[in-house]
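Predicted, not measured: the structure shown is a model, and the values here were computed from it. Below, chain A is the first sequence line, B the second, and so on; all start at residue 1.
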Protein chains: 2
Amino acid sequence: MVATLKQVAAHADVSVQTVSNALNAPHRLRPDTLQRVTRSIELLNYRPNRNARSLRTSAVELIGYCVPSWQGGQAHLVMDQFLHALCAAAESTGRHILLFTAPAGADGMSVYDDLHARRLVDGFVLSQTETHDPRHGWLKDKRIPFVSFGRVWKETTQPGPYVDVDGAAGCATATRHLYDAGRRRIGFLGWPRTSGLAEDRLAGWRDTCQELGLPTDGLAVHCAEDTFDEGARGAASLLDATEPVDAIVALSDILALGALRELTRRGLSAGSDVALTGFDDSPLASVVSPALTTLRQPIDLIAHELINILTGPAGDEPTERLLKPELIVRGSSAPG
Amino acid sequence: MVATLKQVAAHADVSVQTVSNALNAPHRLRPDTLQRVTRSIELLNYRPNRNARSLRTSAVELIGYCVPSWQGGQAHLVMDQFLHALCAAAESTGRHILLFTAPAGADGMSVYDDLHARRLVDGFVLSQTETHDPRHGWLKDKRIPFVSFGRVWKETTQPGPYVDVDGAAGCATATRHLYDAGRRRIGFLGWPRTSGLAEDRLAGWRDTCQELGLPTDGLAVHCAEDTFDEGARGAASLLDATEPVDAIVALSDILALGALRELTRRGLSAGSDVALTGFDDSPLASVVSPALTTLRQPIDLIAHELINILTGPAGDEPTERLLKPELIVRGSSAPG
DNA sequence: GGCACGGGTTGGAACGTTAAAAGCACCGGC
DNA sequence: GCCGGTGCTTTTAACGTTCCAACCCGTGCC
């Protein structure tokens with residue numbers, strides 16, 4: 001049915017090894033032999049058996065990725081984009097992504113260990129990194145290759161290589177953009193400060209405000225969860241203050257959309273009355289009206305960096321890449 | 001580093017084959033031998049090398065899944081749930097999911113062929129099935145195992161096994177639910193009828209209305225795309241009619257949320273003034289207020305059926321499973 | 001003419017596993 | 001005492017590939 005190296009060799013009247021060389025080290029063959037072998041390969045429609053190859057070379061060219069469980073309605077709105085990008089990046093190096101599920105935290109580590117020990121994957125891409133995430137240290141100890149999308153927060157050193165988006169820089173850009181649009185009282189919609197990510201983005205807004213001489217006292221609201229309702233509630237409290245805000249930087253698109261709903265409910269016009277920005281450029285950002293100004297994570301670049309770091313030369317020092325998100329300006333901050 | 005069968009065999013003082021049998025056919029061993037071997041396996045922390053096994057048995061226990069590209073802001077809001085479920089289902093049979101990308105339509109088929117020929121996967125799960133989808137026939141001709149999530153529309157026979165959600169039954173349930181809540185003029189928000197899925201769901205609404213003696217003329221709107229704006233526009237036209245609707249069955253959550261926005265904009269209360277249902281139970285459905293009544297696809301069941309069919313005995317006749325969605329009643333159709 | 005050299009090619013072994021067949025010890029029946 | 005099982009274990013031979021060492025042969029050098 002499917003041709004093997006041996007059959008191709010017989011057809012081209014050379015040894016098996018020569019056919020292998022034709023594919024893996026063509027420079028070793030005399031041009032005429034190479035051509036003869038290549039013709040046979042095409043004629044027989046030969047495709048190398050990946051299992052045999054992996055057995056010999058002990059590299060499976062597969063990268064494990066744990067598909068997050070959508071606990072508690074937490075929507076991963078850009079996960080499909082990320083997966084697509086990660087896949088494409090892996091394929092550009094001849095690799096593929098293997099999906100698996102695992103319990104959260106340290107409990108799931110035996111799954112990682114098992115996949116690696118059974119040689120189903122060469123290494124892992126981690127995402128959904130959490131504060132004090134135990135996975136990184138665990139994998140590092142076991143010397144299992146990995147790279148993380150997202151920093152490990154509140155640790156003195158990063159255990160292993162990572163790629164992340166500079167949330168502080170992003171929120172700084174958004175804040176400055178609002179300032180340039182004439183806003184002078186800019187509020188912040190965030191999450192509780194126990195989350196490293198939340199604190200990072202908060203800092204970007206706070207520092208920029210202070211730099212620009214804008215007030216920050218009482219202008220940061222910490223929403224309990226990432227839902228429309230919480231976003232609306234947070235926005236309401238910012239609008240009900242004795243001195244209401246004229247702009248809001250939200251830590252996520254969901255919160256921003258909640259705020260948008262609240263503005264609309266009050267008969268305020270997002271963009272002209274109150275300017276608004278989100279974070280992530282989720283698919284929803286462009287389908288609401290006015291469309292949401294938001295910070296787009298460079299997903300393709302992130303994915304390529306992740307794969308590069310994971311599959312590149314195994315240097316000792318951890319590789320760290322911090323990428324800047326791009327401000328996508330839409331109607332919610334720049335009407336007309 | 002990692003123990004092999006040979007090392008375990010030496011440790012337990014038996015032959016390699018006996019260790020293999022201890023794992024794959026324990027009934028062949030004498031109880032005491034089995035115990036001795038098992039102890040050695042655990043002591044050495046042995047894990048079978050999957051590549052070697054696959055080479056020998058020519059089954060890789062991997063299932064290919066083409067990760068959809070999110071063309072044109074089309075949000076796959078339940079894709080992460082589906083992937084998680086598919087993964088879990090595969091793992092419950094000792095298999096895993098391998099992700100890949102491929103151009104849409106017939107152009108991408110060489111990718112499928114290649115993955116199969118190189119023995120990276122045993123078979124495929126297709127999703128995002130389209131009207132006149134060429135993939136099914138192609139795979140069937142090549143005798144590459146696959147199962148489809150979603151029927152192939154507008155063909156006389158289904159090329160190969162599939163699992164799908166009965167959209168007609170779902171919309172019928174929703175319509176009947178609205179009728180039971182006292183609604184007598186129920187509109188439908190759909191997509192153009194070139195889509196088989198759209199026509200299926202439309203039929204469920206239409207037939208049920210006729211059965212209940214409700215009007216349907218001019219009460220179906222076909223939105224050009226799956227966006228909030230289109231949903232809002234469609235809802236507006238149903239509300240502006242000389243005889244406005246008192247309920248709306250929407251073909252998707254996105255359209256329903258657009259309609260919800262339009263209701264809110266007009267000062268109408270969703271649930272009491274106009275009742276509303278969506279389709280998919282996407283994460284957004286429960287975070288808006290009022291929360292959206294919607295039809296939940298039995299994702300876990302779908303995933304299990306897909307894997308069962310694909311990995312079950314290779315019968316000749318195509319296996320077909322049509323599953324009913326579950327109506328999740330929330331505030332948008334039943335206030336209070 | 002012998003020898004080192006190097007490009008091109010080959011045979012043999014190995015990667016770690018499982019299928020199939022062979023071996024071995026013990027037992028009951030005639 | 002031999003025969004045919006039966007129950008457990010080992011031997012042998014693959015699966016399809018790549019690594020390594022060897023080989024062959026023509027060339028240039030002393």
Side-chain angles (χ1 to χ4, degrees), chain A residues 1-41 44-62 94 114-122, chain B residues 1-41 44-62 94 114-122:
Chain A
M1 187 70 197
V2 178
T4 77
L5 222 41
K6 198 192 278 191
Q7 290 163 19
V8 177
H11 185 269
D13 199 28
V14 291
S15 77
V16 170
Q17 182 60 40
T18 301
V19 183
S20 175
N21 284 337
L23 291 165
N24 301 320
H27 62 274
R28 289 197 197 153
L29 301 206
R30 229 174 32 216
D32 59 327
T33 326
L34 178 56
Q35 187 175 357
R36 200 168 79 247
V37 174
T38 309
R39 228 176 61 86
S40 295
I41 287 176
L44 299 185
N45 192 25
Y46 168 76
R47 312 302 219 315
N49 181 316
R50 185 67 147 268
N51 286 116
R53 178 173 215 282
S54 294
L55 175 59
R56 191 64 247 251
T57 63
S58 58
V60 289
E61 321 272 78
L62 287 180
D114 214 51
L115 286 170
H116 184 252
R118 303 184 116 93
R119 295 288 152 80
L120 271 88
V121 302
D122 293 327
Chain B
M1 188 72 197
V2 177
T4 76
L5 266 189
K6 199 191 279 190
Q7 289 163 18
V8 177
H11 184 270
D13 199 30
V14 291
S15 77
V16 170
Q17 180 64 29
T18 300
V19 184
S20 174
N21 284 338
L23 291 164
N24 301 320
H27 61 272
R28 289 196 197 154
L29 300 206
R30 223 172 38 210
D32 60 326
T33 324
L34 179 56
Q35 189 177 355
R36 201 170 77 247
V37 173
T38 308
R39 229 176 60 87
S40 295
I41 287 176
L44 300 185
N45 193 22
Y46 168 77
R47 313 301 222 309
N49 180 316
R50 185 65 145 268
N51 287 116
R53 178 174 215 280
S54 294
L55 175 59
R56 187 66 246 254
T57 63
S58 58
V60 290
E61 319 272 79
L62 286 181
D114 214 51
L115 286 170
H116 184 252
R118 303 183 115 94
R119 292 290 151 82
L120 270 90
V121 301
D122 293 328

In Å and rounded to the nearest 0.5 Å, what is the CG to CZ distance from B:Leu55 to B:Arg50?
13.5 Å
Spacing of B:Arg53 atom CZ relative to D:dT17 atom P, expressed in whole Å
20 Å
Have a look at B:Asn24 and say if it touches a base, only the backbone sugar-phosphate, or nothing, with a 4.0 Å heavy-atom cut-off.
sugar-phosphate
To the nearest 0.5 Å, how far apart are OG1 in A:Thr18 and CZ in A:Arg28?
10.5 Å
So, is A:Ser20 near the phosphate of D:dT18, with a side-chain N or O under 4.0 Å from OP1 or OP2?
yes
Counting only side-chain heavy atoms from C-beta out, which of D:dG16, D:dT18, C:dT17 sits nearest to A:Thr4?
D:dG16
Using whole Å, report how far CD of A:Gln17 lies from C1' of D:dC20.
9 Å
Would you kindly give the CG-to-P distance between B:Leu55 and D:dT17, to the nearest whole Å?
9 Å
All N/O contacts under 3.5 Å from nucleotides 5-9 of chain C to the protein, with atom names and distances to one decimal?
{"residue": "C:dT9", "atom": "OP1", "partner": "A:Thr33", "partner atom": "OG1", "Å": "2.4"}
{"residue": "C:dT9", "atom": "OP2", "partner": "A:Arg30", "partner atom": "N", "Å": "3.0"}

How long is the line joining CZ of B:Arg36 and C1' of D:dT9, in whole Å?
11 Å
Working to the nearest 0.5 Å, report the span between CZ of A:Arg53 and OG of A:Ser58.
11.0 Å
Under-3.5 Å donor-acceptor pair between B:Arg56 side chain and C:dT18 base
yes
Out of B:Ile41, B:Thr38, B:Val37, which residue meets the side chain to side chain contact (heavy atoms under 4.5 Å, CB included) rule with B:Leu23?
B:Ile41
Without swapping roles, check the side chain of A:Arg118 against the backbone of B:Arg47 for a donor-acceptor pair under 3.5 Å.
no
In this structure, which one of A:Val14, A:Asp13, A:Val8 forms a side chain to side chain contact (heavy atoms under 4.5 Å, CB included) with A:Ser40?
A:Val8
Round to a whole Å and report the spacing from OH of B:Tyr46 to P of C:dG16.
10 Å
Could you tell me the separation between the CG atom of A:Leu5 and the P atom of D:dC19, rounded to a whole number of Å?
12 Å
Rounded distance (nearest 0.5 Å) linking atom NE2 of A:His11 with atom CZ of A:Arg36
11.0 Å
Difference in axis direction between the ends of the helix from C:dG1-D:dC30 to C:dC30-D:dG1, five pairs, 10°
70°
Side-chain contact check for A:Val16: nearest option of D:dT18, D:dT10, C:dG16 is D:dT18
Minimum heavy-atom distance B:Val60-B:Ser54, with the two atoms named
CA-OG, 3.5 Å
Taking atom P of C:dT18 as reference, at what distance in whole Å does atom CZ of B:Arg50 sit?
11 Å
Distance, rounded to the nearest Å, where A:Asp13 contributes CG and C:dT10 contributes P:
8 Å
Kindly indicate, with the supporting measurements, whether the criterion side-chain contact (heavy atoms from CB on, under 4.5 Å) is fulfilled by B:Val2 and A:Arg119.
CA-CA 10 Å; B:Val2 177; A:Arg119 295 288 152 80; 3.9 Å; yes
